[in-house]
Amino acid sequence: MLAVGWAARWRYDLLQQQATVRKLAELDLRASQSAEMLDRWIDDRFLVASEAGSQLPQNTAGTAAGHRALDAIGGYLQRHEFVGAWLIDIDGNVVAASGAAEALPDRQRRAAGDAARRRTQALDGPVVLPPGRARVYFATPAVSGATTLLLAVDPGLSLYGDITVMGSSPGSTQRLRLLRRDGDRVRIASPARIPASEPLGLEVPDARVPATWRDAVTGGASTRAGESLGGVRTLSSARALREVGMGLVLEMDADEALAPARQRFRSELALTLAALLCGLTVSLAAWRDGRKRRAAAEEVAREAPAARRSWRPRATGSSASAPIIGSNSQTRQLTTCSRRREGDWSDATSGNCSVTRRATTKGPAR
């Protein structure tokens, strides 16, 4: 039984290990695909922003001129998923805003002013606005050189949100999460369906950040088994989006990932026990049959010598009769005698052999 228990434990560990390797490979592939899709989407949005910036007139000084310039490119921006546009000067002041643009948070104004001074492109967000909306901001230099064109995208109405949804499976704990480092904290930059305790915009102190999250936001790539923010065992894969300073993590609970392996082990164990029970039943039946055969053979072997020792010719009265029948074509003789020992034919009293012949004529004598 000890050997059977050891073999079962070995098989269980092997199935768990194989399932872990397969699931990690699957997560790694999907994380790579999601990161490539998101990179292409971000690059495409920056190209659209650059094209929109190039369409602005050289002189956008003044609120009226800025509004006219933004209204002129409004249709182009809407076709590419942008829901708001602003012109920001190097001091972080709003020069102009499109008619549909909402109030711009102070943090994004200052970040756009920094981009204007450096003449660089920048991505910020997602940012959660008070009514529960989210925005991703793209900043690109305007033609005038003194301002930055800041464009906003609603992640829930764009491919950004579709990618995070595609990373999750209905009825599963698998989820894709985008992360961004802000100083000594890591901010969740994508909505999460599971678990609800990790919503968009949640900031996590660096000391509590899981290892896979840290790999994603520090520019590394990893695939490992570990623990989630809530201490649940998970399998996860991380990818870094270096150009925008973000990280992508695709993970799922280990219990769900390893459930098929455990189910297979239970099925194999049931089949093995059934086979062992059948084999034991057949072996027991064969052992009982063999035992009966051996007992019968031993009984015969015990009785055979006694039977040989007790065998003697039987005698009745003064003589033992044994019919000896001889025949020829003319007569049939019936001879009765008693043979007391080899070669001695005699009566029990006279010592003579008494022979009685009875002749029966079958036909005319020849």
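Keep in mind that the numbers below use all heavy atoms, side chains included, and drop hydrogens, waters and symmetry copies.
Identified under the side chain to side chain donor-acceptor pair (under 3.5 Å) test for residues 291-300, with sequence neighbours left out: Asp289-Arg293.
With sequence neighbours excluded, no residue forms a side chain to side chain donor-acceptor pair (under 3.5 Å) with Arg40. Residues passing the side chain to side chain contact (heavy atoms under 4.5 Å, CB included) test with Ala139 are Ala115, Ala122, Thr148, Leu150, sequence neighbours excluded. Contacts of Asp184 classified as salt bridge (Lys or Arg N to Asp or Glu O under 4.0 Å), with partners at least two apart in sequence or in another chain: none. Applying the side chain to side chain contact (heavy atoms under 4.5 Å, CB included) rule to Leu284 yields the partners Trp287, Arg288; only residues at least two apart in sequence or on another chain are considered. Applying the side chain to side chain contact (heavy atoms under 4.5 Å, CB included) rule to Arg11 yields the partners Leu14, Leu15, Arg264, Phe265, Glu268; only residues at least two apart in sequence or on another chain are considered. Ala52 pairs by the side chain to side chain contact (heavy atoms under 4.5 Å, CB included) definition with Ile73, Tyr76, Leu77, Leu149, not counting sequence neighbours. Listed by chain and residue number, Asp182 satisfy the salt bridge (Lys or Arg N to Asp or Glu O under 4.0 Å) test with Arg107 (two or more places apart in sequence, or in another chain). By the side chain to side chain donor-acceptor pair (under 3.5 Å) test, Arg180 is found to be paired with no residue, residues two or more places apart in sequence or in another chain being considered. With sequence neighbours left out, Ser236 forms a side chain to side chain donor-acceptor pair (under 3.5 Å) with Thr212.
Considering only heavy atoms from C-beta on, Leu229 comes within 4.5 Å of Trp213 through its side chain. Residues Leu176 and Val249 form no side-chain contact, since every pair of their non-hydrogen atoms from C-beta on lies 4.5 Å or further apart. Residues Leu38 and Trp41 are in side-chain contact: their nearest non-hydrogen atoms beyond the backbone lie under 4.5 Å apart. With contacts defined as side-chain heavy-atom distances shorter than 4.5 Å, the pair Leu123/Tyr137 does not qualify. At a threshold of 4.5 Å between non-hydrogen side-chain atoms, the residues Leu178 and Ile188 do not count as touching. Put simply, the side chain of Leu151 does not reach to within 4.5 Å of the side chain of Trp86, judged on heavy atoms.
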Full working for side chain to side chain contact (heavy atoms under 4.5 Å, CB included) between Ile88 and Val94: CA-CA 5 Å; Ile88 311 295; Val94 177; 3.7 Å; yes

task: I would like to know whether Val83 and Arg135 meet side chain to side chain contact (heavy atoms under 4.5 Å, CB included); could you show each step before the answer?
output: CA-CA 9 Å; Val83 296; Arg135 294 290 184 265; 3.7 Å; yes

field: Verdict with reasoning, Gln174 to Arg30, per side chain to side chain contact (heavy atoms under 4.5 Å, CB included)
entry: CA-CA 11 Å; Gln174 180 172 303; Arg30 295 192 63 179; 2.6 Å; yes

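Of all heavy-atom pairs between Arg45 and Val153, the closest is CD-CG2, 4.4 Å. Listed here is the closest heavy atom pair of Leu258 and Ala19: CD2-CB, 3.8 Å. Between Leu27 and Leu250, the closest heavy-atom pair is O-CD2, 3.7 Å.
Under 3.5 Å, the side chains of Gln263 and Arg266 contain a donor-acceptor pair of N or O atoms.
We find the CZ-CD distance between Arg110 and Gln108 to be 8.5 Å, quoted to the nearest 0.5 Å. If you take OG1 on Thr147 and CG on Asp91, they are separated by 12.0 Å, rounding to the nearest 0.5 Å. Of the inter-residue distances, the one linking Thr234 atom OG1 with Glu251 atom CD reads 5.0 Å to the nearest 0.5 angstrom. Taking CG from Asp89 and CZ from Arg109, the interatomic distance works out to 9.5 Å, rounded to the nearest 0.5 Å.
Arg233 CZ: 12 or fewer foreign heavy atoms inside a 6.0 Å radius.
A salt bridge links Arg175 with Asp253: at least one charged nitrogen is closer than 4.0 Å to a carboxylate oxygen. Remark: Glu36 does not engage Arg239 in a salt bridge, criterion side-chain N to carboxylate O under 4.0 Å.
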Give every donor-acceptor pair under 3.5 Å between a side-chain atom in residues 203-211 and any protein atom, sequence neighbours left out.
| residue | atom | partner | partner atom | Å |
| --- | --- | --- | --- | --- |
| Asp206 | OD1 | Arg181 | NH1 | 3.3 |
| Asp206 | OD1 | Arg181 | NH2 | 3.1 |

Could you pull out all donor-acceptor pairs under 3.5 Å where a side-chain atom in residues 215-225 meets a protein atom, sequence neighbours excluded?
| residue | atom | partner | partner atom | Å |
| --- | --- | --- | --- | --- |
| Asp215 | OD2 | Ser222 | OG | 2.7 |
| Asp215 | OD2 | Arg224 | NH2 | 2.7 |
| Thr218 | OG1 | Arg214 | O | 2.6 |
| Thr218 | OG1 | Asp215 | O | 3.4 |
| Thr223 | OG1 | Asp28 | OD1 | 3.0 |
| Thr223 | OG1 | Ser237 | OG | 3.2 |

